[in-house]
Amino acid sequence: APAHHAAIVFEHAEENPQVDDESHYNAKYDRCEGIEFDAIAPDEKGTALFFKGDHLWKGFSGPAELANATFQELDEYHHLGHVDAAFRMHNKDGKDSKHHDHVFFFLDDKVFSYYNHTLEKSFPLEIQQVFPGIPSHLDAAVECPKGECTTDSVLFFKGHEVYKFDIRNNTVKKKVWDHLPVCTSAFRWLEHYYCFHGHNFTRFHPLSGEVEANYPKETRRYFMSCPNFGHGAGHRRPRCKLDAITTDSTGKSYAFIGIMYIRLDTLRDGIHPFHIVRSWKEVSGHVDAVFSYGDKIYIIQRDQIYIYKSAAHYTLIEGYPKPLKEELGIDGPVDAAFVCDEHIVHVIQGQKMLDINLEATPRAVKTEAPLPFSKIDAATCHTDGVKVFVGGEYYLYQSPKLLATSKINPVPHKISSELFGCEE
Ligand code: HEM
């Protein structure tokens, strides 16, 4: 049942504050009856906020509350009919980075900026003052960070018109996405983009607006826990035993387990398994090893290697997959692979670690070291050192050299369901 899973998988996104005074709860709306939402956005803690009329739901389960109990000023400055649109700003490095993680609400021609459920000074403002070129009476809005869009942007929806607002230089590009239903709300969840219409939703590509088969889908089935509605039946959460793990140059961290992958650095917004083919279209079945080098991600499956460009969704480089022998000068299969700061990929094969210089042509094994493990499942190297995954545990080493030379294994850490979204 989804309610049961929700508690497990979404612990971090579900932190509904306990309210003693329940007087502002109101049974006017039951979202399990099928609701067309006015706006959906995550807050700075990762809780998904769903708006309808003067009501609000916090998270994927729980009752409706009055919106003005949390966001008073929406009512004070503006008699709250309903919120037209909302999004959580992603602007980590830009000139206006002080707005990063602020939640923006749009009502008629006004915009409100909140952080920690507190209205920012000088707000509300006219939409045009903050987002020049964006019309009032919007239908929906959603943030689109660099890496998913070409630059840090916001997509505003009004009818079939989509305004892509580049927050770096305040420029707007207008497009018409006729093939998409009119979105009354839009939501970015774990890098996926959703347009909500009626009590359904349609997933779209944030750059092209492209929609794949199988949409629309019923919102109640996926974004809330309702009796008699659910999804993922027949799917268990993946076991806490990895096939591969990597962190790419943009800081995205992925674990691969069977035919599923889990993004690990989105704890705030939730942890959820997706099929590997959803993000890496050409890869079917489970993978043996994955490593990141430069702006590319390398996926090894038996004796083949796939190389994907990481920028704005993963695209396979022409000519791939190629035999591993041709690319790295070794025969498959391999158990794990990782790159630290240098140009060397450390490939683990049985009890050996093979070092291959990625700048040399042709590529060949430069050095070979014995390892203190008989079988390693996955390995990755990041700012905190080399993590080696064996069964349900991992070991942390300060460097590849220490992994190869240390006589005593460090204390193992558990691959916890909490951090990895897997089943122990
Ligand atoms: C609160 C908990 C959950 C929420 C909010 C949630 C939400 C979603 C959403 C929004 C989608 C994608 C719909 C789409 O893009 O078309 C999805 C897909 C899916 N979910 Fe969940 N889910 C939850 C829990 C689970 C659990 C516990 C499982 C099973 C163990 C599960 C299995 C799946 C599967 C197999 C898919 C399809 C993945 C794919 O096509 O790559 N979900 N879920």
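Atoms within a ligand are numbered from 1 in the order they appear, just like the ligands themselves. Only heavy atoms go into these numbers, but all of them, side chains included; no hydrogens, no water, no symmetry mates.
- The aromatic rings of W189 and F274 lie perpendicular to each other, with more than 60° between the two planes, well past the 30° mark.
- Less than 6.0 angstrom separates the ring centroid of F50 from the ring centroid of F37.
- Inclusion of R278 in the set of residues having an N or O under 3.5 Å from an N or O of ligand 1 is warranted.
- Both the backbone and the side chain of H235 come within 4.0 Å of ligand 1, counting heavy atoms alone.
- Heavy-atom minimum distance, A141 versus A85: N-CB, 3.7 Å.
- Judged by distance alone, the side chains of T70 and K58 do bring a donor and an acceptor atom under 3.5 Å apart.
- The nearest N/O/S atom of H231 to atom 21 (Fe) of ligand 1 is NE2.
- Within the listing of ligand 1, atoms 14 (C), 15 (O), 16 (O) sit less than 4.0 angstrom from a heavy atom of Y215.
- Relative ring orientation between F123 and F104 is described as perpendicular, the plane-to-plane angle rising above 60° on a 0-90° scale split at 30° and 60°.
- With atom 4 (C) of ligand 1 as the reference point, the heavy atom nearest to it among Y222, F201, F274, F60 is part of Y222.
- Atoms of ligand 1 lying under 4.0 Å from any heavy atom of R203, numbered from 1 in the order shown and given with element: 15 (O).
- Nearest residue to atom 36 (C) of ligand 1 from H275, H272, M224, R237 is H272 (criterion: closest heavy atom).
- Listed by first then second residue, pairs satisfying salt bridge (Lys or Arg N to Asp or Glu O under 4.0 Å) with a partner in residues 316-330 read K325-D331, E327-R363, not counting sequence neighbours.
- If you number the atoms of ligand 1 from 1 as listed, the ones under 4.0 Å from a heavy atom of F223 come out as 10 (C).
- Every atom of ligand 1 with a heavy atom of W189 under 4.0 Å away is listed here by number and element: 6 (C), 7 (C), 8 (C), 9 (C), 10 (C).
- Ligand 1 has no nitrogen or oxygen under 3.5 angstrom from a nitrogen or oxygen of R236.
- Between Y194 and F201, the ring planes are perpendicular. Angles over 60° get that label, and only those under 30° would be called parallel.
- Taking every heavy atom of G232 and a limit of under 4.0 angstrom, the matching atoms of ligand 1 come to 32 (C).
- With sequence neighbours excluded, the residues forming a ring pair (Phe, Tyr, Trp, His ring centres under 6.0 Å) with F291 are Y298, listed by chain and number.
- For ligand 1, the atoms lying closer than 4.0 Å to a non-hydrogen atom of K217 are 14 (C), 16 (O).
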